[in-house]
S.K.: 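My questions will all concern the structure given below.
Everything quoted here is computed from the prediction, not taken from an experiment.
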Amino acid sequence: MRRKPCFAGLLLSCAVFFIFSFQIYRKAFFSGGDLPSLSSDKLLPSRSTNSVAHYAIHEANLAHRNRQLSSVLRSIPTLSILLPDWEILLISSIHTPLSSPDSLRDFLCLFHNNATSPANFSGILDFTGRATFKCRMPPSVRRLRPFFQPLLTKSSKNELSSSSSSPAMELMRWTFLAYESLETEDDVVLFVKGVNHRRGINRTPSDLKCVFGDGDDAIRTAVTSSEQEVFRCRHPNLTTRDDYNKMKITLEIFDLKGKSILVPSVAYYSPRYGGASLEAKSMICACTMVYNVGKFLKEWVIYYSSIGVEKFILYDNGSDDEISEIVKELKSEGYIIEIVFWIWPKTQEAGFSHSAEYSKKSCKWMMIVDIDEFVFSPSWLNSLEPSKNMLKSLIPPENNGIGMITIMCNDYGPSDRISHPAEGVTQGYNCRIKAEERHKSIVLLEAVDPSLLNVIHHFRLRKEFRWRKMKSSEAVVNHYKYQAWPEFRMKFRRRVSTYVVDWKDPANPTSKDRAPGLGNTAVEPPDWPRKFCEVRDDRLSLLTRRWFGFQTAEGYRMAWQ
């Protein structure tokens, strides 16, 4: 007698059928083989005599694939990078012409399982003119392996063009990537994450090559310097090429056996160096890295401009507040401000290295301070008004061998504040820790070592230069570090330094970068407004009130309100 198949057996058969069908579907549209592990800890895939394992992305193939899909999805060809916290950075192809800002809105990230998330326009990369977007990886995608690059589309339709024969590419990892380059008259500066992992431990230049272009036409040149995320190499010989303006650049790493790997790259080589600038150099510039600091910017710019800073260079780390409008307003009032769109996370040291090289043509001395740090000298306390010679009085005379001065910091606490003071930080916070902490610097750019190495706003200098630490009676930095909790908790988002652990990470709990006793969660301690208050110090508060305050019908106001 024939047995009837049991219900459980039918369910199992159906499950196997659907799993098999899904895998066929996935491979049809999103296959292409797993990329090798991008962890540079595990060196290195082998190469044959005539080829190299090349994980830099070929954007011509990318543009072709997206053109096939554009009729259905209205997509923009992009490269995608997986950032920390499941954030994805999408960068438009070098071949994609940009239209009006309005056309860059209302996009979605469409993932290979048809999940979507909003894609917000972030900005335009200054040195390649490419549009950037960010979206979050949906939870349903996080469970899948490997991670494929999403499509950037204005459609939520879940169909994919059956004419697409090119496989989807795996997401690049931010932990191992060539992300920016800068050309000088003599060489090329390349910024690469994931090659030199630890501070002070760097691969030797002889283990590396810079690679310009793709495939058999690629040109290799020697690496002359390897420090942190900064690598210097020779210009390629392009006398026989006509496409160098669109040439990808990356780094090739060799192991002891001669095997090598090319670091995935979104960086481009496009020599634009125009020689010496015809403009007069600013005597003192100020550089800082910023993220959503619009409410602080006016006070910082007005104060420093009044005491001698002639130009401001802001490395914008992906702000989405009103900073662009505020910069536009300040520029209309005569302040010289340049914004460099620096979207790359946890690259403060690399950003300052970039600035030291990039600003040589327009600045003589560079002050490296954060947006919540204000340099002042006790000798100014009796001055009735600020003078543009005040900062210059701190700068050493020319040709005396001093290439950098360092100034110690006084760290201020919340001073009983529970919200941001509308009158500004110099007015709102007046109680600090007694001990001086760390230092900030003003550096002569021609004195900076070619390696561009810097640690905590302090540059390595060329051998013929030395640096000088200023006494607290000469100058100090008021660092409004521990502000009202709504402002301070933003520091938990992500630390900008490459080698500083994010505060949400329990590692290295005794780091001086952390707030003492705070832990690794963004929970306000019950006594926060009264913390870090050992010395009442209102010297700069009184000084700025005298310089920038004025009486109105509504009461006393500051120039930046």
S.K.: Side chains of Thr426 and Asn478: do they bring a donor and an acceptor to under 3.5 Å?
M.R.: no
S.K.: Do side-chain atoms of Trp560 reach the backbone of Phe548 as a donor and acceptor pair under 3.5 angstrom?
M.R.: no
S.K.: Are any of the side-chain nitrogens in Lys298 or Glu333 under 4.0 Å away from the carboxylate oxygens of its partner?
M.R.: no
S.K.: Salt bridge or not for Arg438 and Glu373, using N-O below 4.0 Å?
M.R.: no
S.K.: Which residue in the set Lys434, Glu437, Glu436 passes side chain to side chain contact (heavy atoms under 4.5 Å, CB included) when paired with Asp411?
M.R.: Glu437
S.K.: Does a donor on one side chain and an acceptor on the other come within less than 3.5 Å for Glu183 and Ser270?
M.R.: no
S.K.: Test Asp370 against Lys440 for salt bridge (charged side-chain N to carboxylate O under 4.0 Å, His left out), laying out the working first.
M.R.: CA-CA 9 Å; Asp370 293 334; Lys440 299 304 163 77; 3.6 Å; yes
S.K.: Verify whether one side chain among Asp449 and Ser451 offers a donor that lies under 3.5 Å from an acceptor in the other.
M.R.: yes
S.K.: Would you call Glu446 and Lys281 a salt bridge, using N to O less than 4.0 angstrom?
M.R.: no
S.K.: Should the pair Glu310-Lys392 be classified as a salt bridge under the 4.0 Å nitrogen-to-oxygen rule?
M.R.: yes
S.K.: Any ion pair linking Glu338 and Lys311 (charged N to carboxylate O, less than 4.0 Å)?
M.R.: yes
S.K.: Verify side-chain hydrogen bond (donor to acceptor under 3.5 Å, both in side chains) between Glu487 and Tyr480, making sure each step is shown before the conclusion.
M.R.: CA-CA 11 Å; Glu487 307 303 329; Tyr480 300 101; over 6 Å; no
S.K.: State plainly whether the residues Glu423 and Arg417 are in salt-bridge range, i.e. N to O under 4.0 Å.
M.R.: yes
S.K.: Between the main-chain N or O of Lys134 and the side-chain N or O of Asn120, is there a donor-acceptor pair closer than 3.5 Å?
M.R.: no
S.K.: Is the NZ or CZ atom of Arg545 positioned over Tyr556's six-membered ring, under 6.0 angstrom from the centre and within 45° of the axis?
M.R.: yes
